Number of protein chains: 2
Amino acid sequence: MPDRAIRPRKEFGKTIAADITHRLREEIVTCGLPPGEPLRFDVLRERFGASFTTLREALTALAAEGLVDAQEQRGFRVAPVSRQDLVEVTDARVLIEVELMRRAIEKGDDDWEIAVISTLHRLKRIEQRDPEHPLRDPEWKIAHRQFHQALVSACGSATLLAIRAELFDRAERYRHLSASFRPRPRDKAGEHQAIMQAAISRNADLAVQLIETHIRSTADNVADHAGHLLDTE
Amino acid sequence: MPDRAIRPRKEFGKTIAADITHRLREEIVTCGLPPGEPLRFDVLRERFGASFTTLREALTALAAEGLVDAQEQRGFRVAPVSRQDLVEVTDARVLIEVELMRRAIEKGDDDWEIAVISTLHRLKRIEQRDPEHPLRDPEWKIAHRQFHQALVSACGSATLLAIRAELFDRAERYRHLSASFRPRPRDKAGEHQAIMQAAISRNADLAVQLIETHIRSTADNVADHAGHLLDTE
DNA sequence: CGGACTCACATTTTCGAAAATGATAGCGGT
DNA sequence: ACCGCTATCATTTTCGAAAATGTGAGTCCG
């Protein structure tokens, strides 16, 4: 049996680099590391307790995902936000997510229905704890991601699911910006419920329309309530 | 002097890591490093003359692009090919490229038309040198990539263009597999000419249909002539 | 006073050694 | 003979020092 004392840190990822990548991604999408922030190695080294090379590997991976901006010979920084980027990400998400929604509704089996229903149930339970500020709860964020992931999971294409996940993360940064400045939370719970029902009842046209509205409303919210943050770069 | 829409000469990377990433991608895409091949550091170190860490950074970036498979604690290997992967990549390309083609036809200006025409011209000139085996000519491959890039370049979304480029590279591996085993080359020159004409004359429906056929025919060719390579994994 | 040049300094980038981990062969007990 | 255990080896993964590069202040001329 493995000796626990000798291996103090083996909780999450197997390699440190993968672990750092994961943690950095979380910090960036939640805007704990704000857009445009320079990512200096000595700072990261202290915060994450890893060496130059390991950090560099993580940053390179995130640069390929579009969350980090690599400026050759001048280091890395958190990818800046902008109106143009918001429009592009929203637009790309609609294109892909709508298509995947249709496919999932067509191909989804019993397991898919169960996954959709149970992830929504879990999301609603977490929402009850703090109905006013769900995005501040890390668990809500995870449950929200898993619900949307479940909705399209039966689409049959791991390739498109991976692309979708990347765009979802990039959009999540804007969701956080939006949430910090929106005066009152909109009725996300109701929207999620309606999407679930449309999906389970195999009403593809309705589900697709609801998803598109759901995605676009975030973009509108950011433009309305956090637009001043988008022109700094 | 206004910079040409197409820069055939790529600036060599300023950092070694970026350079190695580029060279490794070329080797993988052209199947110089065959699918499934283990990528051991000793071998790569000798072949590319870079250190462990630099190579690791390049491999991590390519793993995020889907060209390399990272097996934690057990190293890297060239991403394997499979029927399923071929179907997914083809399918995703059709979804995205068709949409971008429509947008480019709608938004394209004079510079776009010039880029499309000139990249096709260049492609045809290179084709004349060795009409039987164009894919063996690295310059043809570059010109081919640039023609297809030019076609959709006016779509207005850098985000979708980046996704498209990734899928194009993943598909290029299958093009190489297909070319090695196809008895006679198909009439790619004619197809490119037809696509160009449809695009320039703003016939979106026709252009889209031609593009889809163009993309799917590669998949069919691989299935027909190199299918035996796809079941090894 | 302004512009260009030089020289430290700060920061990134690269390297090879050292630690960690997985794979394998050899040994011993049942 | 077979299974499990251990020691050894091959390979990956991590580290901090060293080299390379960009940045900015200060200085010298016109």
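Per chain, numbering begins at 1; letters A, B, ... match sequence-line order. A quick note: this is a predicted structure, and the numbers were derived from the prediction, not measured.
- Relative to the side chain of B:R56, the nucleotides D:dT12, C:dT13, C:dG16 differ in distance, and D:dT12 lies closest.
- Distance from the side chain of A:R40 is smallest for C:dT12 among the nucleotides D:dT14, C:dT14, C:dT12.
- What separates CG of B:D42 from C1' of D:dT13 is a distance of 13 Å, to the nearest Å.
- Comparing D:dT13, D:dG22, C:dA23 by their nearest atom to the side chain of A:R74 picks out D:dG22.
- Residues A:D85 and A:Y174 bring a donor and an acceptor atom of their side chains to less than 3.5 Å of each other.
- Checked by atom type and distance alone, the side chain of A:W112 pairs as donor or acceptor with a backbone atom of A:L151 at under 3.5 Å.
- Salt-bridge check for A:D91 with B:R103: passed, with a basic side-chain N closer than 4.0 Å to an acidic carboxylate O.
- Between A:F76 atom CZ and C:dT12 atom P there is a gap of 9 Å when expressed in whole angstrom units.
- Relative to the ring axis of B:F52, B:R45 places its NZ or CZ within 45° and under 6.0 Å from the centre.
- Considering only the side chain of B:I16, C:dT14 comes nearest among C:dT14, C:dT11, C:dT13.
- Nucleic acid contact class of A:I20 (heavy atoms, under 4.0 Å, all strands): none.
- If you find the closest nucleotide of DNA chain D to A:A50 and to A:Q73, the one lying nearer the 5' end belongs to A:A50.
- In this entry the distance linking CZ of B:F41 with C1' of D:dA10 reads 14 Å, nearest Å.
- Per the geometry, CD belonging to B:Q71 stands 10 Å off P belonging to C:dA23, to the nearest Å.
- The distance from atom CD of A:E72 to atom P of C:dT12 is 14 Å, rounded to the nearest whole Å.
- Atom-to-atom, CG of B:D19 to C1' of D:dA20 comes out at 16 Å; the value is rounded to the nearest Å.
- For B:E172 and B:R175, the salt-bridge test passes: some basic side-chain N is under 4.0 Å from an acidic carboxylate O.
- In this structure, the CZ atom of A:F48 is 17 Å from the C1' atom of D:dT14, given to the nearest Å.
- Across all strands shown, A:F52 has heavy atoms under 4.0 Å from base atoms, whether or not it also approaches the sugar-phosphate.
- Of the side-chain N and O atoms in A:T54, none sit less than 4.0 angstrom from OP1 or OP2 of D:dT13.
- Using a 4.0 Å cut-off, no side-chain N or O of A:R45 falls inside it from OP1 or OP2 of D:dC15.
- Within the nucleic acid shown, A:L44 has no heavy atom closer than 4.0 Å to any nucleic acid atom.
- Between the P atom of D:dT14 and the CG atom of B:L55 lies a distance of 15 Å, rounded to the nearest Å.
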